Amino acid sequence: MSALIADAVDPLIVERLKKMGIRADVKPGISREELLKVVGDYNILIFRGRLKIDKEVIDAGRNLKILARYGVGLDNVDVEYAVKRGISVVNAPNAPARSVAELTIGLMFAVARRIPLLSTKVKAGEWPKGKYVGIELFGKTLGVVGFGRIGKAVAQAARGLGMDILAYDVIDVKDEVEKIGGRQVSLEELLRRSDVISLHVPLTPATYRLLNDERLALVKDGAIIINTSRGEVIDHEALLKHLDRLWGVGLDVLPEEPPRSETLRQLISHEKVVVTPHVGSETFEAMRRLAEELADNIEEVVKR
Ligand code: NAD
(Lines give C-alpha, C1' and ligand atoms only; values in the text may rest on other atoms or scores of the structure.)
Protein backbone atom coordinates (compact mmCIF):
# COMPACT_ATOMS: atom_id res chain seq x y z
CA MET A 1 0.00 0.00 0.00
CA SER A 2 1.05 3.59 -0.44
CA ALA A 3 0.18 6.83 1.32
CA LEU A 4 0.40 10.47 0.29
CA ILE A 5 1.02 12.92 3.12
CA ALA A 6 -0.25 16.27 1.85
CA ASP A 7 0.56 18.53 4.83
CA ALA A 8 3.24 19.04 7.50
CA VAL A 9 2.96 16.22 10.07
CA ASP A 10 5.11 14.65 12.78
CA PRO A 11 7.61 12.31 11.03
CA LEU A 12 6.58 9.58 13.48
CA ILE A 13 3.62 8.81 11.25
CA VAL A 14 5.96 7.87 8.38
CA GLU A 15 7.75 5.40 10.68
CA ARG A 16 4.46 3.94 11.87
CA LEU A 17 3.26 3.53 8.25
CA LYS A 18 6.55 1.88 7.32
CA LYS A 19 6.06 -0.67 10.11
CA MET A 20 2.65 -1.46 8.61
CA GLY A 21 4.36 -2.05 5.23
CA ILE A 22 2.99 1.20 3.81
CA ARG A 23 5.25 3.44 1.71
CA ALA A 24 4.66 7.14 2.33
CA ASP A 25 5.38 10.06 0.01
CA VAL A 26 5.62 13.29 1.98
CA LYS A 27 4.53 16.35 -0.01
CA PRO A 28 3.57 19.02 2.52
CA GLY A 29 1.85 22.00 0.92
CA ILE A 30 1.00 20.15 -2.30
CA SER A 31 -1.36 22.27 -4.43
CA ARG A 32 -4.89 21.14 -5.24
CA GLU A 33 -3.98 20.85 -8.94
CA GLU A 34 -0.98 18.64 -8.19
CA LEU A 35 -3.05 16.58 -5.72
CA LEU A 36 -5.70 15.95 -8.39
CA LYS A 37 -2.96 14.73 -10.74
CA VAL A 38 -1.28 12.29 -8.34
CA VAL A 39 -3.91 11.17 -5.79
CA GLY A 40 -4.99 8.31 -8.07
CA ASP A 41 -1.67 6.56 -7.33
CA TYR A 42 -2.31 6.22 -3.59
CA ASN A 43 -4.40 4.09 -1.22
CA ILE A 44 -4.20 6.47 1.74
CA LEU A 45 -4.36 10.27 1.79
CA ILE A 46 -3.19 12.03 4.96
CA PHE A 47 -4.05 15.74 5.23
CA ARG A 48 -4.88 18.57 7.62
CA GLY A 49 -7.52 21.31 7.20
CA ARG A 50 -5.93 23.15 4.25
CA LEU A 51 -7.19 21.13 1.28
CA LYS A 52 -10.86 20.61 0.41
CA ILE A 53 -11.33 16.87 0.09
CA ASP A 54 -14.44 17.14 -2.06
CA LYS A 55 -16.09 14.92 -4.72
CA GLU A 56 -13.50 15.92 -7.35
CA VAL A 57 -10.54 14.87 -5.18
CA ILE A 58 -12.32 11.69 -4.06
CA ASP A 59 -13.16 10.75 -7.66
CA ALA A 60 -9.56 11.42 -8.72
CA GLY A 61 -8.43 9.06 -5.93
CA ARG A 62 -9.38 5.92 -7.86
CA ASN A 63 -7.36 3.68 -5.52
CA LEU A 64 -8.15 5.43 -2.25
CA LYS A 65 -9.08 3.20 0.70
CA ILE A 66 -8.52 5.61 3.58
CA LEU A 67 -8.86 9.37 4.02
CA ALA A 68 -6.95 10.26 7.19
CA ARG A 69 -7.44 13.72 8.72
CA TYR A 70 -4.38 14.65 10.79
CA GLY A 71 -6.55 16.49 13.34
CA VAL A 72 -10.16 16.64 14.49
CA GLY A 73 -12.45 18.66 12.20
CA LEU A 74 -13.84 16.81 9.19
CA ASP A 75 -15.57 19.91 7.83
CA ASN A 76 -13.15 20.02 4.85
CA VAL A 77 -14.06 16.44 3.84
CA ASP A 78 -17.13 15.21 1.93
CA VAL A 79 -17.45 12.30 4.36
CA GLU A 80 -20.82 11.14 3.02
CA TYR A 81 -19.50 10.84 -0.55
CA ALA A 82 -16.28 9.12 0.56
CA VAL A 83 -18.21 6.53 2.57
CA LYS A 84 -20.56 5.98 -0.39
CA ARG A 85 -17.45 5.24 -2.46
CA GLY A 86 -16.35 2.65 0.14
CA ILE A 87 -13.53 4.83 1.50
CA SER A 88 -12.91 4.84 5.27
CA VAL A 89 -12.53 8.26 6.88
CA VAL A 90 -10.44 8.45 10.05
CA ASN A 91 -9.24 11.30 12.25
CA ALA A 92 -7.51 11.81 15.62
CA PRO A 93 -10.14 13.38 17.86
CA ASN A 94 -8.43 13.01 21.23
CA ALA A 95 -4.86 14.16 20.57
CA PRO A 96 -5.17 17.95 20.27
CA ALA A 97 -7.67 18.71 23.07
CA ARG A 98 -5.15 19.64 25.78
CA SER A 99 -3.15 21.93 23.47
CA VAL A 100 -6.21 23.69 22.08
CA ALA A 101 -7.54 24.17 25.61
CA GLU A 102 -4.22 25.69 26.73
CA LEU A 103 -4.18 28.08 23.75
CA THR A 104 -7.77 29.05 24.59
CA ILE A 105 -6.81 29.95 28.16
CA GLY A 106 -3.75 31.78 26.79
CA LEU A 107 -5.97 33.86 24.50
CA MET A 108 -8.24 34.71 27.43
CA PHE A 109 -5.32 36.18 29.38
CA ALA A 110 -3.86 37.79 26.25
CA VAL A 111 -7.15 39.65 25.67
CA ALA A 112 -7.91 40.38 29.35
CA ARG A 113 -4.48 41.95 29.93
CA ARG A 114 -3.74 43.05 26.32
CA ILE A 115 -0.42 41.19 26.49
CA PRO A 116 0.45 41.17 22.74
CA LEU A 117 -0.35 44.88 22.38
CA LEU A 118 1.75 45.87 25.42
CA SER A 119 4.61 43.68 24.27
CA THR A 120 4.57 45.24 20.80
CA LYS A 121 4.62 48.74 22.29
CA VAL A 122 7.49 48.05 24.71
CA LYS A 123 9.50 46.48 21.87
CA ALA A 124 8.89 49.63 19.82
CA GLY A 125 10.46 51.75 22.60
CA GLU A 126 7.25 52.86 24.37
CA TRP A 127 6.51 52.35 28.08
CA PRO A 128 2.69 52.45 28.22
CA LYS A 129 2.38 51.74 31.95
CA GLY A 130 -1.02 52.88 33.28
CA LYS A 131 -2.50 53.23 29.78
CA TYR A 132 -3.95 49.74 29.39
CA VAL A 133 -5.45 48.63 32.68
CA GLY A 134 -6.62 45.02 32.36
CA ILE A 135 -9.28 42.79 33.91
CA GLU A 136 -8.97 39.62 36.01
CA LEU A 137 -10.43 36.27 35.05
CA PHE A 138 -10.81 35.17 38.69
CA GLY A 139 -14.45 35.28 39.81
CA LYS A 140 -15.75 35.86 36.26
CA THR A 141 -18.26 33.60 34.48
CA LEU A 142 -17.03 31.51 31.55
CA GLY A 143 -19.62 30.32 29.03
CA VAL A 144 -18.44 27.24 27.14
CA VAL A 145 -20.33 26.66 23.88
CA GLY A 146 -19.86 22.96 23.01
CA PHE A 147 -18.91 20.90 26.05
CA GLY A 148 -16.93 18.19 24.22
CA ARG A 149 -13.27 17.24 24.58
CA ILE A 150 -11.85 20.75 24.24
CA GLY A 151 -14.73 22.62 25.89
CA LYS A 152 -14.48 20.39 28.93
CA ALA A 153 -10.70 20.78 29.20
CA VAL A 154 -11.09 24.58 28.98
CA ALA A 155 -13.80 24.54 31.65
CA GLN A 156 -11.66 22.44 33.99
CA ALA A 157 -8.67 24.76 33.59
CA ALA A 158 -10.89 27.81 34.05
CA ARG A 159 -12.30 26.33 37.28
CA GLY A 160 -8.73 26.14 38.51
CA LEU A 161 -8.44 29.87 37.82
CA GLY A 162 -11.49 30.57 39.97
CA MET A 163 -14.00 31.10 37.16
CA ASP A 164 -17.68 30.06 37.33
CA ILE A 165 -18.75 27.78 34.51
CA LEU A 166 -21.85 27.79 32.30
CA ALA A 167 -22.06 25.34 29.41
CA TYR A 168 -24.31 25.01 26.38
CA ASP A 169 -24.47 21.85 24.29
CA VAL A 170 -27.05 20.10 22.12
CA ILE A 171 -26.55 16.91 24.13
CA ASP A 172 -27.12 16.38 27.83
CA VAL A 173 -23.83 17.23 29.57
CA LYS A 174 -25.52 18.29 32.81
CA ASP A 175 -23.81 15.73 35.06
CA GLU A 176 -20.36 16.36 33.60
CA VAL A 177 -20.71 20.13 33.93
CA GLU A 178 -22.04 19.83 37.46
CA LYS A 179 -19.11 17.57 38.37
CA ILE A 180 -16.81 20.56 37.91
CA GLY A 181 -19.20 22.91 39.70
CA GLY A 182 -20.82 24.40 36.60
CA ARG A 183 -24.31 24.45 35.09
CA GLN A 184 -25.72 23.45 31.69
CA VAL A 185 -27.88 26.30 30.39
CA SER A 186 -29.57 27.48 27.19
CA LEU A 187 -27.47 29.35 24.64
CA GLU A 188 -29.46 32.50 25.36
CA GLU A 189 -28.76 32.35 29.11
CA LEU A 190 -25.08 31.61 28.47
CA LEU A 191 -24.72 34.60 26.15
CA ARG A 192 -26.54 36.94 28.54
CA ARG A 193 -24.65 35.91 31.68
CA SER A 194 -21.07 35.12 30.63
CA ASP A 195 -18.11 37.47 31.02
CA VAL A 196 -16.02 35.25 28.75
CA ILE A 197 -17.58 33.17 25.95
CA SER A 198 -15.51 30.40 24.40
CA LEU A 199 -16.59 28.47 21.30
CA HIS A 200 -15.88 24.71 21.02
CA VAL A 201 -18.48 23.33 18.62
CA PRO A 202 -17.74 21.49 15.37
CA LEU A 203 -18.57 23.34 12.14
CA THR A 204 -21.93 21.99 10.91
CA PRO A 205 -24.91 23.62 9.17
CA ALA A 206 -26.34 24.19 12.68
CA THR A 207 -23.24 25.96 13.99
CA TYR A 208 -22.53 28.04 10.86
CA ARG A 209 -22.61 31.64 12.14
CA LEU A 210 -24.03 30.46 15.46
CA LEU A 211 -22.76 33.77 16.84
CA ASN A 212 -24.67 36.09 14.52
CA ASP A 213 -25.77 39.70 15.00
CA GLU A 214 -28.91 38.74 16.91
CA ARG A 215 -27.06 36.50 19.37
CA LEU A 216 -24.13 38.91 19.74
CA ALA A 217 -26.69 41.51 20.82
CA LEU A 218 -27.38 39.33 23.89
CA VAL A 219 -23.73 39.39 24.98
CA LYS A 220 -22.87 41.67 27.93
CA ASP A 221 -20.97 44.91 27.42
CA GLY A 222 -17.32 44.33 28.35
CA ALA A 223 -17.39 40.57 27.61
CA ILE A 224 -14.58 38.62 25.98
CA ILE A 225 -15.21 36.24 23.06
CA ILE A 226 -12.72 33.48 22.24
CA ASN A 227 -12.93 31.23 19.18
CA THR A 228 -10.56 28.29 18.73
CA SER A 229 -13.17 26.11 16.96
CA ARG A 230 -13.89 27.12 13.36
CA GLY A 231 -14.00 30.61 11.87
CA GLU A 232 -17.38 30.07 10.25
CA VAL A 233 -19.04 29.70 13.68
CA ILE A 234 -18.97 33.54 13.99
CA ASP A 235 -20.46 36.16 11.67
CA HIS A 236 -17.38 38.41 11.64
CA GLU A 237 -19.15 41.39 10.11
CA ALA A 238 -21.54 41.34 13.08
CA LEU A 239 -18.60 40.83 15.46
CA LEU A 240 -16.89 43.93 14.07
CA LYS A 241 -20.12 45.85 14.65
CA HIS A 242 -20.23 44.79 18.33
CA LEU A 243 -16.49 45.14 18.99
CA ASP A 244 -16.62 48.60 20.54
CA ARG A 245 -18.79 47.46 23.43
CA LEU A 246 -16.85 44.21 24.05
CA TRP A 247 -13.66 44.00 26.13
CA GLY A 248 -12.00 42.07 23.36
CA VAL A 249 -11.80 39.03 21.15
CA GLY A 250 -9.30 36.17 20.80
CA LEU A 251 -9.32 34.20 17.56
CA ASP A 252 -7.25 31.21 16.48
CA VAL A 253 -9.52 30.48 13.52
CA LEU A 254 -11.01 32.60 10.76
CA PRO A 255 -13.49 31.87 7.96
CA GLU A 256 -10.73 32.75 5.48
CA GLU A 257 -7.22 31.53 6.36
CA PRO A 258 -5.09 33.54 5.78
CA PRO A 259 -7.53 36.47 6.06
CA ARG A 260 -7.76 38.74 3.01
CA SER A 261 -11.25 40.22 3.06
CA GLU A 262 -11.68 43.85 4.09
CA THR A 263 -13.89 42.95 7.09
CA LEU A 264 -11.45 40.39 8.49
CA ARG A 265 -8.42 42.67 7.98
CA GLN A 266 -10.26 45.50 9.75
CA LEU A 267 -11.31 43.20 12.60
CA ILE A 268 -7.93 41.57 13.27
CA SER A 269 -6.00 44.82 13.11
CA HIS A 270 -8.14 46.28 15.93
CA GLU A 271 -6.36 46.82 19.28
CA LYS A 272 -8.95 44.71 21.09
CA VAL A 273 -8.37 41.64 18.94
CA VAL A 274 -5.70 39.00 19.51
CA VAL A 275 -5.25 36.59 16.64
CA THR A 276 -3.17 33.46 16.03
CA PRO A 277 -2.86 31.54 12.73
CA HIS A 278 -4.88 28.38 13.54
CA VAL A 279 -2.20 26.87 15.75
CA GLY A 280 -4.42 25.28 18.41
CA SER A 281 -2.93 21.83 18.01
CA GLU A 282 0.57 22.96 17.05
CA THR A 283 2.57 21.82 20.04
CA PHE A 284 5.21 19.09 19.91
CA GLU A 285 3.14 17.03 22.34
CA ALA A 286 -0.13 17.28 20.40
CA MET A 287 1.53 16.70 17.01
CA ARG A 288 3.16 13.52 18.33
CA ARG A 289 -0.09 12.30 19.90
CA LEU A 290 -1.86 13.10 16.61
CA ALA A 291 0.61 10.94 14.70
CA GLU A 292 0.16 8.04 17.16
CA GLU A 293 -3.65 8.26 17.27
CA LEU A 294 -4.01 8.63 13.51
CA ALA A 295 -1.58 5.76 12.85
CA ASP A 296 -3.57 3.56 15.30
CA ASN A 297 -6.80 4.41 13.48
CA ILE A 298 -5.25 3.76 10.05
CA GLU A 299 -3.87 0.43 11.32
CA GLU A 300 -7.31 -0.60 12.54
CA VAL A 301 -8.77 -0.10 9.06
CA VAL A 302 -5.82 -1.76 7.31
CA LYS A 303 -6.14 -4.86 9.54
CA ARG A 304 -9.88 -5.30 8.85
P1 NAD B 1 -16.03 17.30 20.34
O2 NAD B 1 -16.77 16.57 19.27
O3 NAD B 1 -15.35 16.53 21.40
O4 NAD B 1 -17.03 18.34 21.06
C5 NAD B 1 -17.93 19.15 20.36
C6 NAD B 1 -19.14 19.39 21.24
O7 NAD B 1 -20.01 20.30 20.55
C8 NAD B 1 -19.96 18.11 21.51
O9 NAD B 1 -20.24 17.97 22.89
C10 NAD B 1 -21.23 18.32 20.69
O11 NAD B 1 -22.39 17.71 21.27
C12 NAD B 1 -21.34 19.84 20.69
N13 NAD B 1 -22.18 20.35 19.61
C14 NAD B 1 -22.30 19.89 18.34
N15 NAD B 1 -23.18 20.64 17.65
C16 NAD B 1 -23.60 21.62 18.51
C17 NAD B 1 -24.50 22.70 18.39
N18 NAD B 1 -25.17 22.93 17.24
N19 NAD B 1 -24.70 23.48 19.48
C20 NAD B 1 -24.07 23.24 20.65
N21 NAD B 1 -23.20 22.22 20.82
C22 NAD B 1 -22.96 21.43 19.76
O23 NAD B 1 -15.03 18.27 19.56
P24 NAD B 1 -13.65 18.88 20.14
O25 NAD B 1 -12.55 17.93 19.90
O26 NAD B 1 -13.88 19.43 21.47
O27 NAD B 1 -13.44 20.07 19.07
C28 NAD B 1 -14.22 21.25 19.14
C29 NAD B 1 -13.87 22.19 17.99
O30 NAD B 1 -12.49 22.53 18.03
C31 NAD B 1 -14.13 21.67 16.58
O32 NAD B 1 -14.68 22.72 15.81
C33 NAD B 1 -12.77 21.40 16.04
O34 NAD B 1 -12.75 21.48 14.65
C35 NAD B 1 -11.99 22.51 16.70
N36 NAD B 1 -10.54 22.30 16.75
C37 NAD B 1 -9.74 23.37 16.53
C38 NAD B 1 -8.35 23.22 16.59
C39 NAD B 1 -7.44 24.39 16.37
O40 NAD B 1 -6.32 24.19 15.92
N41 NAD B 1 -7.84 25.59 16.70
C42 NAD B 1 -7.80 21.95 16.84
C43 NAD B 1 -8.65 20.89 17.10
C44 NAD B 1 -10.03 21.08 17.05
Side-chain angles (χ1 to χ4, degrees), residues 7-10 47-50 52-53 69-77 79 89-108 110 143-158 165-177 179-180 182 184-191 194 197-212 215 225-234 249-255 257-259 274-291 293-294 297:
D7 288 296
V9 299
D10 190 297
F47 53 93
R48 293 177 69 176
R50 184 180 60 92
K52 278 255 163 301
I53 311 299
R69 163 72 161 100
Y70 188 84
V72 180
L74 289 169
D75 43 279
N76 59 325
V77 185
V79 177
V89 180
V90 296
N91 63 345
N94 297 305
R98 180 61 48 197
S99 289
V100 183
E102 287 189 8
L103 180 72
T104 305
I105 299 286
L107 286 172
M108 284 181 205
V144 176
V145 180
F147 199 75
R149 295 172 184 87
I150 299 169
K152 194 173 163 185
V154 168
Q156 279 166 335
I165 309 297
L166 297 176
Y168 166 71
D169 202 297
V170 279
I171 59 167
D172 181 358
V173 290
K174 185 171 169 282
D175 290 348
E176 278 185 87
V177 185
K179 228 182 265 169
I180 58 163
Q184 183 169 8
V185 295
S186 68
L187 181 57
E188 189 183 323
E189 183 177 350
L190 182 146
L191 297 175
S194 300
I197 295 162
S198 195
L199 303 176
H200 303 288
V201 287
L203 174 61
T204 66
T207 62
Y208 179 79
R209 297 195 171 172
L210 183 82
L211 227 49
N212 55 17
R215 296 211 175 96
I225 295 176
I226 306 289
N227 187 15
T228 60
S229 65
R230 282 292 179 268
E232 290 85 346
V233 176
I234 300 182
V249 171
L251 305 170
D252 183 46
V253 288
L254 293 165
E257 295 177 356
V274 176
V275 62
T276 48
H278 200 151
V279 292
S281 47
E282 284 192 7
T283 63
F284 286 108
E285 294 86 350
M287 297 295 273
R288 189 134 273 241
R289 284 195 303 268
L290 269 169
E293 191 179 358
L294 195 65
N297 294 341

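For ligands, and for the atoms within them, numbers begin at 1 and follow the listed sequence. All of these numbers come straight from a predicted model, not from anything done at the bench.
With a 6.0 Å radius and a threshold of 12 heavy atoms from other residues, nucleotides or ligands, Arg98 has its CZ atom at or below the threshold.
Contact record, Phe147 with Ala167: CD1-CB, 3.7 Å, taken as the closest heavy-atom pair. Nearest heavy-atom pair, Arg149 versus Asn94, reported as atom, atom and distance to 0.1 Å: NE-OD1, 2.9 Å. Residues Asn91 and Val72 come closest through the heavy atom pair ND2-O, 2.9 Å.
Counting only non-hydrogen atoms, the option in Val170, Leu251, Val72 that gets closest to atom 17 (C) of ligand 1 is Val170.
Of the protein's non-hydrogen atoms, Asp169 OD1, 2.7 Å is the one closest to atom 11 (O) of ligand 1. Closest protein heavy atom to atom 4 (O) of ligand 1: Gly148 CA, 3.2 Å. Nearest protein heavy-atom contact of atom 35 (C) of ligand 1 is Ser229 O, 3.6 Å. With respect to atom 33 (C) of ligand 1, the closest heavy atom belonging to the protein is Arg230 NH1, 4.1 Å. Here the protein heavy atom with the shortest distance to atom 14 (C) of ligand 1 is Pro202 CD, 3.4 Å. Closest protein heavy atom to atom 18 (N) of ligand 1: Thr207 CG2, 3.3 Å. Shortest contact from atom 29 (C) of ligand 1 to any protein heavy atom: Val201 O, 3.6 Å. Counting only heavy atoms of the protein, atom 20 (C) of ligand 1 lies nearest to Tyr168 CE2, 3.4 Å.
Contacts between Asp252 and ligand 1 below 4.0 angstrom, taking non-hydrogen atoms only, involve the side chain exclusively. Residue-level proximity to ligand 1 for Ile150 is carried by backbone and side chain together, each with a heavy atom below 4.0 angstrom.
Interatomic distance, Ile150 CD1 to Lys152 NZ, rounded to the nearest 0.5 Å: 13.5 Å. In this structure, CG in Leu190 is found 10.5 Å from CD1 in Ile165, a value given to the nearest 0.5 Å. Put simply, CZ on Arg230 and CG on Asp75 are 4.5 Å apart, with the number rounded to the nearest 0.5 Å. Put simply, CZ on Arg69 and CG on Asn76 are 5.5 Å apart, with the number rounded to the nearest 0.5 Å.
Taking every heavy atom of Gly73 and a limit of under 4.0 angstrom, the matching atoms of ligand 1 come to 34 (O). Remark: ligand 1 atoms within the under-4.0 Å shell around heavy atoms of His278 are 39 (C), 40 (O), 41 (N). Atom numbering of ligand 1 starts at 1 in the shown order; those under 4.0 Å from a heavy atom of Phe147 are 9 (O). Remark: ligand 1 atoms within the under-4.0 Å shell around heavy atoms of Ile171 are 11 (O).
Each of Ile197, Leu191, Val185 was checked for a side-chain contact (heavy atoms from CB on, under 4.5 Å) with Leu166, and the lone residue meeting it is Val185. Only one option out of Asp175, Val170, Ile171 pairs with Val173 in a side-chain contact (heavy atoms from CB on, under 4.5 Å); it is Ile171. Tested against Val233 for a side-chain contact (heavy atoms from CB on, under 4.5 Å), the candidates Val145, Val253, Thr207 yield a single pass: Thr207.
By the 4.0 Å heavy-atom criterion, Ser281 is counted among the residues contacting ligand 1.
An N or O contact shorter than 3.5 Å is missing between Val100 and ligand 1 by distance. Among the atoms of Arg149, some N or O lies under 3.5 angstrom from an N or O of ligand 1. By the 3.5 Å distance cut-off applied to N or O atoms, Gly151 is not counted among the residues near ligand 1.
Pairs engaging residues 278-287 under the salt bridge (Lys or Arg N to Asp or Glu O under 4.0 Å) rule: Arg48-Glu282 [sequence neighbours left out].
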